*Asks:* 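Supplied in C-alpha cells, the structure appears directly below.
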Amino acid sequence: MSTSDTAAQGTTVPGAAETSADAAAARPAGDGEMLLEVDGLGKHFPVTAGLLRRQVGAVKAVDGVSFSVRKGETLGLVGESGCGKSTTGRMIMRLLDPSFGTIRFEGQDITSMSQARMRPFRRDLQMIFQDPYSSLNPRKTVGAIVGAPFRLQNIQTENGVKMAVQEILELVGLNPEHYNRYPHEFSGGQRQRIGIARTLALKPKLIVADEPVSALDVSVQAQVVNLLEDLQDELDLTYVVIAHDLSVVRHISDRVAVMYLGKIVEIADRNDLYERPMHPYTNALLSAVPIPDPAERGNRQRIRLQGDVPSPLDPPPACRFHTRCWKAQDICKQVEPPLIELSHGHHAACHFPENTTVSATDEVAKAAVAPGAAPAAETDGEPTD
Ligand code: SF4
C-alpha cells in the first residue's frame, strides 16, 4: 500500500503514533539548511499463500523510522544485516514505495510522487551501490556508463558529454583516457570509483551510499572512504552512508543512527555515540569492533548477544530487542520505549539506558506533565505494532 493509499483510507498505520515526536527527536542540532526529512517511514512487504495468493502476513522491514539530515552533513545508518537500513535507503531514493510515512527533500514531499514528477529530483538524489562488480554493465564502456545520466536527462551534446565525463573521471582519481575501456579492465577499487563518477555526473545534492566499501579489499576501502570525504568538501555533498562496519561509519559520519529490526534505537553525534553508547544494542555492537592496539584490547569486555535476530515477520512486542537484551525487565516486554533525547542531541529508545542516569521512560513522564507537552505525550510507550 502506498502512502497515498493509506492517507486516502484514513487508516492508522503501524509506527504512525510515534512519528512526529520521533522526527523532532532525531533532528540534528545546528543551523544548517535541512535537506532531507524522513518521518515515520515504513515498508511492509506482504506475505501471501495459497492459490489465491491471499495475504497471510507482512515482513516489517522498516517500521516507522524518523531522522533528518542537514546540508553538508553525513549521517551513518548502521545495524546488522536485515535491520532495514538498505530498504530505508531505497525508499529515500524512491526505488521502493514506502508503505507509510513521509520523505521530504528540500521541504517538498516526494513520498508518493509519480516517476514523471520525480524526474527533476533524480538529478539531486543519487545512490552508490554496494557491489562494484555487478552494478556496472559489463557491455558498456566507462564513457557510456558515466555519461548515461547526461544522456537520460538530455543535458549535454555528445561532445559535451565526453568532456564532462573525462572531467569527472579525473575528479575521482581515474585517467580520462579510460573513457573507452570496459569495467572488467579495472580493479574493484577502480570500479567503485567509476560507480561514484556516475553518481556525481549530475552534481547531486544528496548521495545515499549503500555499503560503498564492503565489497572491497581492506587496503582499498580507505582510499574510497577518503575519496568520498574529499568529494564532499569539494562539491558540498550530503551523504547518508549505510554500512554494517562501525569503523567505516565512525570515520565518515557526523551523526550515526543505529537500527534494529526495522526501528532506529539510537541516534547521536558520532563521537558521543561511540564514546557513550546508551542503547544496550549499540553497546554490544561497539564491543565487537576490532581494536588494533593489543594493549587496549585487553581492557575491553566483549558483549556477546544471545540468540538470533528475531524474524521481521513477527517481531517481538514492545522493545524489539528484549529477546536478546541482558537488561530486559517486564516493562520492556509490555511498553515500547520511545526514541527520546536523553542528553544534548543524543536520542535512545530504552527504558534502562547505559551511560546516563535518565531513561526514556523518565523523560516521557516529565514531558507529559510539562505544559505544551502534547507531542511527547502521544508517544507514551504504547506498543505500535
Ligand atoms: Fe533492553 Fe529493556 Fe532497553 Fe529494550 S528497553 S534495550 S529490553 S533494557
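Model, not experiment: these values are computed from the prediction.
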*Asks:* I would like to know whether L227 and V172 meet side chain to side chain contact (heavy atoms under 4.5 Å, CB included); could you show each step before the answer?
*Replies:* CA-CA 7 Å; L227 171 66; V172 299; 4.2 Å; yes

*Asks:* Within the side chain of K85, is there an N or O that forms a donor-acceptor pair under 3.5 Å with the backbone of G79?
*Replies:*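 Flag set: sc K85 to bb G79 pair under 3.5 Å.
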
*Asks:* For the backbone of P277 and the side chain of N283, can you confirm whether one donor and one acceptor N or O come within less than 3.5 Å of each other?
*Replies:*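 No; zero donor-acceptor contacts below 3.5 Å.
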
*Asks:* Do V161 and L171 sit in one hydrophobic cluster, given that two such residues count as connected whenever their side-chain heavy atoms are within less than 4.5 Å of each other, even indirectly?
*Replies:*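 In one cluster: yes.
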
*Asks:* Measure the CD-CG distance between Q126 and L206 for me, rounded to the nearest 0.5 Å.
*Replies:*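 Going from CD on Q126 over to CG on L206, the span is 10.0 Å.
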
*Asks:* Are I92 and I267 linked, directly or through other ILVMFWY residues, by side chains that come within less than 4.5 angstrom of each other?
*Replies:*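 I92 clusters together with I267.
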
*Asks:* Would a distance-only check, ignoring hydrogens and angles, find a side-chain to backbone donor-acceptor pair under 3.5 Å from R270 to R250?
*Replies:*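 Side chain of R270 to backbone of R250: a pair is present.
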
*Asks:* Report yes if some heavy atom in the side chain of R324 is under 4.5 Å from a heavy atom in the side chain of D308; otherwise report no.
*Replies:*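 No, their side chains stay 4.5 Å or more apart.
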
*Asks:* D233: what forms a side chain to side chain contact (heavy atoms under 4.5 Å, CB included) with it, not counting sequence neighbours?
*Replies:*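 Result, side chain to side chain contact (heavy atoms under 4.5 Å, CB included) vs D233: none returned.
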
*Asks:* Any side-chain heavy atom of F100 sitting closer than 4.5 Å to one from D63?
*Replies:*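 A side-chain contact exists here, since the closest heavy-atom pair is under 4.5 Å.
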
*Asks:* With a 3.5 Å distance limit and no angle check, can you tell me whether Y239 reaches the backbone of L228 through a side-chain donor-acceptor pair?
*Replies:*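 Judged by distance alone, yes, a pair lies under 3.5 Å.
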
*Asks:* Verify whether the ring centers belonging to F321 and H279 lie closer than 6.0 Å.
*Replies:*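 Yes, the ring of F321 comes within the 6.0 Å limit of the ring of H279, centre to centre.
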
*Asks:* Hey, quick one: are I252 and V256 part of the same hydrophobic cluster, counting side-chain heavy atoms closer than 4.5 Å, chains of contacts allowed?
*Replies:*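 I252 does not cluster with V256.
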
*Asks:* Backbone N or O of D210 within a donor-acceptor pair of the Q130 side chain at under 3.5 Å?
*Replies:*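 No.
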
*Asks:* Would you name the heavy atoms of H44 and S99 that are closest together and state the gap between them?
*Replies:*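 That closest heavy-atom pairing would be N-OG, 2.8 Å.
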
*Asks:* Is the shortest side-chain heavy-atom distance between Y179 and V142 below 4.5 Å?
*Replies:*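 They are not in contact (no side-chain heavy atoms under 4.5 Å apart), so the answer is no.
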
*Asks:* Let's go through H351 and K327 carefully: what are the C-alpha distance in whole Å and the side-chain angles of both, what is the deciding distance for side chain to side chain contact (heavy atoms under 4.5 Å, CB included) to 0.1 Å, and is it a yes or a no?
*Replies:* CA-CA 10 Å; H351 293 300; K327 298 178 79 175; over 6 Å; no

*Asks:* Please answer whether the main-chain N or O of K71 pairs with a side-chain N or O of T238 as donor and acceptor at a distance below 3.5 Å.
*Replies:*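 It does not hold such a pair.
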
*Asks:* What pair of heavy atoms forms the shortest contact from R117 to F121, and how long is it?
*Replies:*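 Where R117 meets F121 most closely, the heavy atoms are O-CD1, 3.6 Å.
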
*Asks:* Quick one, D109 with T102, criterion side chain to side chain donor-acceptor pair (under 3.5 Å). Give me CA distance, side-chain angles, the key distance, then yes/no.
*Replies:* CA-CA 7 Å; D109 189 342; T102 56; 5.5 Å; no

*Asks:* Ignoring hydrogens and geometry, is there a side-chain-to-backbone donor-acceptor pair from S66 to G40 under 3.5 Å?
*Replies:*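 Indeed, once roles are kept as given, a pair shorter than 3.5 Å links the two residues.
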
*Asks:* With a 3.5 Å distance limit and no angle check, can you tell me whether Q223 reaches the backbone of V220 through a side-chain donor-acceptor pair?
*Replies:*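 Here the side-chain-to-backbone pair does not exist.
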
*Asks:* Does the side chain of V289 come within less than 4.5 Å of S247's, by heavy atoms?
*Replies:*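 When only atoms from C-beta onward are counted, V289 and S247 do touch, with a gap below 4.5 Å.
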
*Asks:* What's the spacing between Q221 CD and D245 CG if we round to 0.5 Å?
*Replies:*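 The distance works out to 6.0 Å.
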
*Asks:* Rounded to the nearest 0.5 Å, what separates atom CD in Q190 from atom CG in L174?
*Replies:*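 So the CD of Q190 and the CG of L174 are separated by 6.0 Å.
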
*Asks:* Check whether any side-chain heavy atom of P138 lies under 4.5 Å from a side-chain heavy atom of H184, and answer yes or no.
*Replies:*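 The answer is no, as the side chains (C-beta and beyond) never meet within the 4.5 Å cut-off.
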
*Asks:* Apply side chain to side chain contact (heavy atoms under 4.5 Å, CB included) to residues L305 and Y281 and explain how you reach the verdict.
*Replies:* CA-CA 9 Å; L305 293 177; Y281 176 61; 4.1 Å; yes

*Asks:* Indicate the atoms forming the closest heavy-atom contact of V56 with A49, along with that distance.
*Replies:*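 So the two residues come closest at CG1-CB, 3.9 Å.
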
*Asks:* Any side-chain heavy atom of I145 within less than 4.5 Å of one from V165?
*Replies:*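 I145 vs V165: side chains apart.
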
*Asks:* If I take atom OG from residue S86 and atom CD from residue E211, how far apart are they, to the nearest 0.5 angstrom?
*Replies:*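 The CD atom of E211 is 6.0 Å from OG of S86, to the nearest 0.5 Å.
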
*Asks:* In the single-linkage hydrophobic clustering (I, L, V, M, F, W, Y; side-chain heavy atoms under 4.5 Å), do I128 and V248 co-cluster?
*Replies:*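 Yes, because I128 and V248 connect within a single hydrophobic cluster, where side-chain heavy atoms sit under 4.5 Å apart.
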
*Asks:* Go through the structure and list residues passing side-chain hydrogen bond (donor to acceptor under 3.5 Å, both in side chains) with T48, not counting sequence neighbours.
*Replies:*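 R53.
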
*Asks:* Counting only heavy atoms from other residues, nucleotides and ligands, does the tally under 6.0 Å from NZ of K203 exceed 12?
*Replies:*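 It does not: K203 NZ has 12 such atoms or fewer within range.
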
*Asks:* As a quick check of understanding, evaluate side chain to side chain contact (heavy atoms under 4.5 Å, CB included) for I194 and H178, giving each step before the final call.
*Replies:* CA-CA 10 Å; I194 296 169; H178 291 159; over 6 Å; no

*Asks:* Side-chain contact test, heavy atoms from C-beta onward, threshold under 4.5 Å: evaluate it for L339 versus F67 and give yes or no.
*Replies:*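 Side chain of L339 against side chain of F67, heavy atoms only: no contact under 4.5 Å found.
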
*Asks:* Which atom names give the shortest non-hydrogen contact between P310 and T323, and what distance separates them?
*Replies:*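 For P310 versus T323, the nearest heavy atoms are CG-OG1, 3.5 Å.
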
*Asks:* Which distance, rounded to the nearest 0.5 Å, do you find between the CG of L286 and the CD of E275?
*Replies:*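 CD of E275 is found 10.5 Å from CG of L286.
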
*Asks:* Between Y274 and L246, is there a donor-acceptor pair closer than 3.5 Å when you use the side chain of the first and the backbone of the second?
*Replies:*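 Indeed, once roles are kept as given, a pair shorter than 3.5 Å links the two residues.
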
*Asks:* Under 6.0 Å from the six-membered ring centre of Y260 and within 45° of its axis: does the NZ or CZ of K263 meet both?
*Replies:*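 No, K263 does not lie over the aromatic ring of Y260.
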
*Asks:* Which pair of non-hydrogen atoms, one from V309 and one from E80, has the smallest distance, and what is that distance?
*Replies:*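 Minimum heavy-atom separation between V309 and E80: CG2-OE1, 3.5 Å.
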
*Asks:* State, yes or no, whether a side-chain contact exists between H251 and E229 at a heavy-atom distance under 4.5 Å.
*Replies:*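 Yes, side chains in contact.
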
*Asks:* Identify, with sequence neighbours excluded, every residue that meets side-chain hydrogen bond (donor to acceptor under 3.5 Å, both in side chains) alongside D272.
*Replies:*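 Applying side-chain hydrogen bond (donor to acceptor under 3.5 Å, both in side chains) to D272 gives R276, H346.
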
*Asks:* To the nearest 0.5 angstrom, please state how far the CD1 atom of I303 sits from the CH2 atom of W326.
*Replies:*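 Going from CD1 on I303 over to CH2 on W326, the span is 4.0 Å.
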
*Asks:* Answer yes or no: does atom CD of Q306 have more than 12 heavy-atom neighbours from other residues, nucleotides or ligands under 6.0 Å?
*Replies:*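 No.
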
*Asks:* Evaluate whether atom CZ of R139 has more than 12 neighbouring non-hydrogen atoms of other residues, nucleotides or ligands under 6.0 angstrom away.
*Replies:*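 Not buried by this count: 12 neighbours or fewer within 6.0 Å.
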
*Asks:* Under a single-linkage definition using a 4.5 Å side-chain heavy-atom cutoff for Ile, Leu, Val, Met, Phe, Trp and Tyr, are F105 and M91 assigned to the same hydrophobic cluster?
*Replies:*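 As far as the 4.5 Å side-chain criterion goes, M91 and F105 are connected within one cluster.
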
*Asks:* Measure from the side-chain N and O atoms of E37 to the backbone N and O of S68, and report whether any donor-acceptor pair falls under 3.5 Å.
*Replies:*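 Side chain of E37 to backbone of S68, a donor-acceptor pair under 3.5 Å: no, none is there.
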
